[in-house]
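Letters A, B, ... mirror the listed sequences (proteins, then strands); counts begin at 1.
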Amino acid sequence: MAATSRTTTYDPDARMAPGPWLKRNLFNSVGQTALTIVTALILLRCLWALLGWGVFNAVWYTTDPDVCRAATGACWAVIVEKHRPMLFGLYPYDEHWRLALMMAIYLATVVLSLWPRCWNLRLLVPLWIVAALSIGILMFGGVFGLRFVPTADWGGLPLTMLLFTGTVLIGMPVAVLLALGRRAPLPVARGVSVVFIEALRGVPLITILFVAVNVFPLFLPAGMEVNRLLRITVGIAIFFACYQAEVIRGGLQAIPRGQYEAAASINLGYWQTTRHIILPQALRICLPAITNHIIAAMKNTSFVIIIGLFDILTATTAVMQDPLWRSFYVEAYLFVAGVYLFFGYALSVYARQLEKWIAEGRI
Amino acid sequence: MSPATANIPAATANADIVIAMHNISKWYGPFKALDNVSLDVRKGERVVVCGPSGSGKSTLIRCINRLEVHQEGQIFVKGLEMTDNVKNIDAIRRNIGMVFQNFNLFPHLTVLENLTLGPMLTRQMKKADAEELAMHFLRKVRIPDQARKYPLQLSGGQQQRVAIARSLCMEPEIMLFDEPTSALDPEMIKEVLDTMIELAQSGMTMIVVTHEMGFARTVADNVVFMADGSKVESAPPEEFFGNPREPRTRAFLDQILKH
């Protein structure tokens, strides 16, 4: 598409050899040279300290916390020792293989779904049905001789994944509908969307979750109960949708009026125009901002702490109550940060690839 | 040629008349964009609408397929009145193709997809049939080799010819052209006008808003001159260019033909 002719910005450093580049940017005057040397020394000192703590003096493997206490470096052994309750929470220890298998199925399904060559409903719909069924069977159990595990005992990384996926799968369609509603010709749709978005955007996520968990059940008829995990997922999803809706509305507003007129002139109806002309263009335009909110949504899953579910962060906090190992919480949290960073960065890389494909006109 | 004066009585009675506009008025806020305009178009007739910018000529033809809503008067297309009724709008638009000044192609779809979308969605055509139809019209506008490209990879003239082909794929009986060459570089105007002339020769009913007086002279059956939202004069081209009745028409023609 047109974006192949993207203009290159003028960059005077682009073709410089390393020698002249250093001289120009780091050693241009006495003051600058001094500043460069001081900064380099500070950086080297920090790096040295970090390597000493994290690598040279670190304990990589031991089952004895006293070995860690004797060392001056990091105690990575705590992660080896505690990785299962951190990753899998309260889920029965002997059944952890089910979660490992579930994560493998989940990741394979997601990776396939993100691959443009698989973007075909005849492939994706059966894939997701099979994946959802097998994940459900693995997580709940109760059939095929698998022990039943209630959602209250689910935890760790699989819980984070489920919450995140649920948030995006429920949240994105709601976001699109809210964004369309806000610009709809029908005053009723417009009113509902505006009230919904403004009301929910104005309160903290924690309030919405509190309502979903503690207040919402009061409105249900006696004896009827909606699963807590489902309630909290819908709560996070709706919060996500309100922000995402405004992002998508920005994309919708960028579509020139001529596109609507051309669609009308070939007699397309509202939904046909929206589905085939407007949304494909609008979503491409606001993809960077959509990615932004999706990454934020991944991190918001840690709010499930308020209903006592143990996602990977809360599970780690709980594990670190162990008096033998509790002094090594920094290492444990660094590990959790690493897991979040891995998934967050993977999303960023994928989004950048999507933008590239769009620019090349491949999708 | 039709006398095309105001106050045409029940034009729908005449089976030949495909578009009948009676006393159309439209306001944008306090501004009166169309002032009591009446116009009849017969089957196969080529009408050119001209006039200074802001005279309401685009608004007039955009009322015919309800991209603009008229507030007074009546519009009949093939005897069917244009109202709020969605069924009527749908039935009328089915018969009318439109070409815009800025082409308004769908930039995220290939040329071929631009052409097949309408037939597949609104006429339930199978993909293969729609593509065959699309290629037929792309050959007509002489750019079949661009079918797999995206609109923004084409020149302005090619884009406008794609837009014409896209309209033709709906197999309309009437084509509206809203300043189809105004956004084009001079060297591309001819290729678009040639396409339009061929279309005219095939017997298509056409209403063309344009400043291309050469096109009006050679193709039009009837030239309508508008100013300030009113129809000032309408006449066959020989009469319109040779012997304009109204002083305002003469002033306009003097200005536009001098160069």
Side-chain angles (χ1 to χ4, degrees), chain A residues 1-7 116 119-122 176 184-189 248 250-288 290 354-363, chain B residues 58 61-62 64-68 84 86-87 89-110 113-123 130 148-154 159 162-172 174-178 183:
Chain A
M1 248 165 91
T4 44
S5 63
R6 189 178 295 152
T7 51
W119 288 353
N120 177 346
L121 286 183
R122 252 175 283 171
V176 168
L186 295 173
V188 179
I248 294 169
L252 292 175
Q253 270 164 352
I255 307 299
R257 193 172 158 203
Q259 294 289 306
Y260 292 91
E261 292 180 349
S265 80
I266 56 169
N267 217 9
L268 301 187
Y270 174 81
W271 288 110
Q272 288 173 330
T273 306
T274 301
R275 155 89 179 74
H276 295 279
I277 310 298
I278 305 305
L279 273 183
Q281 295 185 63
L283 292 178
R284 280 171 168 91
I285 290 170
C286 51
L287 183 62
I290 288 178
L354 265 187
E355 285 167 40
K356 213 175 125 209
W357 283 330
I358 289 171
E360 288 165 0
R362 282 177 54 190
I363 52 174
Chain B
S58 286
I61 69 163
R62 288 158 61 88
I64 298 174
N65 63 351
R66 214 174 182 78
L67 293 184
E68 304 284 351
D84 283 334
V86 181
K87 264 192 187 157
I89 296 176
D90 192 73
I92 290 173
R93 280 184 179 163
R94 212 167 271 272
N95 285 320
I96 301 178
M98 187 161 198
V99 175
F100 302 86
Q101 179 175 354
N102 294 315
F103 330 133
N104 294 344
L105 294 171
F106 307 128
H108 62 298
L109 301 176
T110 63
E113 288 165 343
N114 264 277
L115 266 61
T116 54
L117 190 66
M120 282 167 68
L121 290 180
T122 65
R123 298 167 61 198
R148 303 282 165 189
K149 287 196 182 163
Y150 285 93
L152 295 178
Q153 295 172 314
L154 307 185
Q159 289 189 50
V162 171
I164 293 172
R166 178 176 68 183
S167 292
L168 292 176
C169 279
M170 302 301 291
E171 303 187 308
I174 302 157
M175 286 282 285
L176 308 175
F177 293 82
D178 188 1

Non-hydrogen side-chain atoms of A/I255 and A/I277 separated by less than 4.5 Å: no
Region of B/D90 in contact with chain A, defined by heavy-atom distances below 4.5 Å: both
Greatest number of heavy atom pairs closer than 4.5 Å to chain A - which of B/L121, B/T110, B/N65: B/L121
Chain A contact via B/M170 - side chain, backbone, both or neither, heavy atoms under 4.5 Å: side chain
Straight-line distance of A/E261 CD to B/L67 CG, nearest 0.5 Å: 5.0 Å
Smallest separation among heavy atoms of B/N95 and B/P172, with atom names: O-CB, 3.4 Å
Proximity breakdown for B/I96 and chain A, heavy-atom pairs closer than 4.5 Å: backbone
Contact origin within B/R62 toward chain A - heavy atom pairs under 4.5 Å: side chain
Heavy-atom pairs under 4.5 Å with chain A, option from B/N104, B/V86, B/I89, B/I92 with the top count: B/N104
For the student: nearest non-hydrogen atoms of B/F103 and B/R166, plus distance: O-NH2, 3.5 Å
Ion pair B/D84/B/R66, N-O distance below 4.0 Å: yes
Contacting moiety of B/F106, where chain A heavy atoms sit under 4.5 Å: both
Euclidean distance, A/Y260 OH relative to A/I278 CD1, rounded to 0.5 Å: 4.0 Å
B/L117 CG to A/Q272 CD distance, which is reported to the nearest 0.5 Å: 8.0 Å
Residue selection (most heavy-atom pairs with chain A, distance under 4.5 Å) from B/V99, B/T122, B/L109: B/T122
B/L176 portion near chain A, given a 4.5 angstrom heavy-atom threshold: neither
